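All of these numbers come straight from a predicted model, not from anything done at the bench. Counting begins at 1 with the first residue of the sequence.
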Amino acid sequence: VRRRSVESAAKVGRDPGNRRARGERRSQRARFEMAEVEETVVHEPMDLIRLSLLEQVKVKLRGNRELKGTLHAYDQHLNVVLGDVEETLTTVEIDDETYEEIVQVTKRQMKYLYVRGDGIILISPPLRTT
């Protein structure tokens with residue numbers, strides 16, 4: 001059995017660390033290929049959010065607020081970044097004299113909006129017809 005030092009192995013092109021790097025590249029390639037195959041498969045709730053990236057979504061928030069916009073980013077806390085956002089605020093008041101409900105809807109437009117995840121009640125992905 002012939003043994004070489006790390007320096008002499010590197011000169012010959014047989015870097016011991018190189019095998020490890022090649023193995024890591026192969027496993028990364030395999031993961032990437034599996035990711036391409038499973039790109040549209042939903043295994044957990046965050047997959048549904050991932051599939052909605054760059055799509056129009058509806059977000060329901062606390063305090064009778066709704067947002068409609070393009071989902072640009074999200075994280076594990078469900079903080080989201082929306083673009084071309086339309087915010088709808090619905091307030092319901094009761095008239096003291098007639099006891100009728102007065103529903104008031106206020107809308108506003110925003111270019112981009114960061115929404116903290118703890119205020120989100122629901123994210124509705126776009127309808128998919130496949």
Q: What about Val81 and Met110, same hydrophobic cluster or not, with Ile/Leu/Val/Met/Phe/Trp/Tyr joined at side-chain heavy-atom distances under 4.5 Å?
A: no
Q: Suppose clustering is done on Ile, Leu, Val, Met, Phe, Trp and Tyr with side-chain heavy atoms closer than 4.5 Å. Which residues sit in the same group as Leu122?
A: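 Ile121, all in the cluster of Leu122.
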Q: Any side-chain heavy atom of Lys107 within less than 4.5 Å of one from Glu87?
A: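 No - every pair of side-chain heavy atoms lies 4.5 Å or more apart.
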Q: Mind checking whether Leu61 and Val59 have side chains closer than 4.5 Å, heavy atoms only?
A: yes
Q: Looking at CD1 of Ile123 and CG of Leu48, how far apart are the two atoms once the value is rounded to the nearest 0.5 Å?
A: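 Going from CD1 on Ile123 over to CG on Leu48, the span is 9.5 Å.
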Q: Taking atom CD of Gln109 as the centre, does the number of heavy atoms from other residues, nucleotides or ligands within less than 6.0 Å exceed 12?
A: yes
Q: Report the distance from atom CG of Asp84 to atom NE2 of His72, rounding to the nearest 0.5 Å.
A: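 Answer for the CG-NE2 pair, Asp84 versus His72, is 6.0 Å.
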Q: Is any side-chain heavy atom of Leu53 less than 4.5 Å from a side-chain heavy atom of Tyr74?
A: yes
Q: Would you say that Glu55 contacts Pro126 through its side chain, given a criterion of any heavy-atom pair below 4.5 Å between the two side chains?
A: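 Result yes, sub-4.5 Å side-chain heavy-atom pair found.
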Q: Which value, rounded to the nearest 0.5 Å, describes the distance between Lys68 atom NZ and Ser124 atom OG?
A: 10.0 Å
Q: Please give the remaining members of the hydrophobic cluster of Ile102, linking ILVMFWY side chains under 4.5 Å, ordered by chain and number.
A: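 When side chains under 4.5 Å apart are linked, Ile102 ends up in no cluster with other residues.
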Q: I'd like to check Thr106 versus Thr88 (side-chain heavy atoms, cut-off strictly below 4.5 Å). Are they in contact?
A: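 Side-chain contact under 4.5 Å: no.
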Q: Taking everything shown except Tyr99 itself, do over 12 heavy atoms lie less than 6.0 Å from its OH?
A: no
Q: Examine distances only and state if a side-chain atom of Asn79 and a backbone atom of Gly117 form a donor-acceptor pair shorter than 3.5 Å.
A: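 Checked: pair present.
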Q: Could you state the interatomic distance from NE2 (His77) to CZ (Arg116), rounded to the nearest 0.5 Å?
A: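 Answer for the NE2-CZ pair, His77 versus Arg116, is 9.0 Å.
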Q: Nearest heavy-atom pair of Leu82 and Leu71: which atoms, and what distance?
A: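 Heavy atoms only, the tightest pair is CD2-CA, 3.9 Å.
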Q: So, taking the atom named OG1 in Thr91 and the one named CZ in Arg65, what distance separates them when rounded to the nearest 0.5 Å?
A: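 Interatomic distance, Thr91 OG1 to Arg65 CZ, rounded to 0.5 Å: 10.5 Å.
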Q: Is Glu66 paired with Lys58 through a side-chain N to carboxylate O contact shorter than 4.0 Å?
A: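 Answer for the salt bridge query: yes.
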Q: State, with a plain yes or no, whether a side-chain heavy atom of Leu67 is found less than 4.5 Å away from one of Leu113.
A: yes
Q: Starting from Ile120, can I reach Met46 by hopping between I/L/V/M/F/W/Y residues whose side chains sit under 4.5 Å apart?
A: yes
Q: List the steps and the verdict of side chain to side chain contact (heavy atoms under 4.5 Å, CB included) for Leu78 and Ile49.
A: CA-CA 9 Å; Leu78 213 56; Ile49 307 276; 4.2 Å; yes
